[in-house]
Amino acid sequence: HGPTFPRRACRRKVCEDGAMQVSSETVLPAPIERAWEVLMRWEDQAIWMKDADSVTVVSPHREGVGVVLAVKTRVLNVPLFTEKLEVVEWEPPTRLLMAHRSFIHGTGEWSFRAVEGGTLFRWSEDISLPVPLLGEIALQVYRPFMRYLMRGALEGLRAFVARGAA
């Protein structure tokens, strides 16, 4: 396992250090092992994640701590920047923690739990920008849009899994 990332003290999804938390969840119509397998097909994330133009594995390995992804991200439907993400905790098939290694700092966590009818999938982001005050303001303005994108991605993921994730 990689380093453990401490939880921040946050109120109303704004943390004392100016970071922002956003999360959403859905039930995927698949057993937990299948849900994990679908999500670990990294390149397919661009199919269901509305703001991802492409996802590329740039590390020599595709599984485990140390996997590095380059995610070309769209803003207002225009591919604008590429974000580097690194897997820092890997607990198949129940949990994955990724660190944002670009302009955006923080972590994104995916957790999986078997439930009746499939797998409860929860996605949470705990992020900050390296610009004091201005970064905090930008994140607060962006938070509702990010939540909208996250919910849309989960709807897309649920439909992708329901179609058999071909």
side-chain hydrogen bond (donor to acceptor under 3.5 Å, both in side chains) evaluation trace for His100 with Glu125: CA-CA 10 Å; His100 293 267; Glu125 293 283 342; 2.6 Å; yes
Carboxylate-amine/guanidinium contact Arg151 Glu25, below 4.0 Å: no
Test log, rule ring-ring contact (aromatic ring centres under 6.0 Å, His included), inputs Trp110 and Trp90: CA-CA 10 Å; Trp110 288 351; Trp90 177 269; over 10 Å; no
Option among Ile47, Asp44, Leu28 that satisfies the side-chain contact (heavy atoms from CB on, under 4.5 Å) test with Leu157: Leu28
Within-4.5 Å side-chain heavy-atom neighbours: Arg95 and Glu89: yes
Glu37 bridged to Arg34 by N-O distance under 4.0 Å: yes
Close side-chain approach of Val71 and Thr82, heavy atoms under 4.5 Å: no
Student check: side-chain heavy atoms of Val27 and Val115 closer than 4.5 Å: yes
Atom pair CG (Leu69) and CZ (Arg62), whose distance is rounded to the nearest 0.5 Å: 9.0 Å
Euclidean distance, Thr56 OG1 relative to Trp42 CH2, rounded to 0.5 Å: 12.5 Å
Minimum side-chain heavy-atom gap Val87-Leu96 below 4.5 Å: yes
Derivation of the side-chain hydrogen bond (donor to acceptor under 3.5 Å, both in side chains) call for Arg122 and Ser23: CA-CA 7 Å; Arg122 185 169 197 276; Ser23 64; 3.0 Å; yes
Where Val22 and Met150 come nearest, the two heavy atoms and their spacing: O-CE, 3.8 Å
Donor-acceptor under 3.5 Å (Ser59 side chain, His61 main chain): yes
Check: Val67 and Glu86 side chains under 4.5 Å, non-hydrogen atoms: no
Within-4.5 Å side-chain heavy-atom neighbours: Pro29 and Arg158: yes
Closest non-hydrogen atom pair, Ala99 against Val88: CB-CG1, 3.9 Å
Distance-minimising heavy-atom pair for Ala114 and Ile32: N-CD1, 3.9 Å
Any side-chain heavy-atom pair of Glu83 and Leu85 under 4.5 Å: yes
Geometric class of the Phe121/Phe112 ring pair [parallel <30°, tilted 30-60°, perpendicular >60°]: tilted
Glu109 vs Thr107 side-chain heavy atoms within contact, under 4.5 Å: no
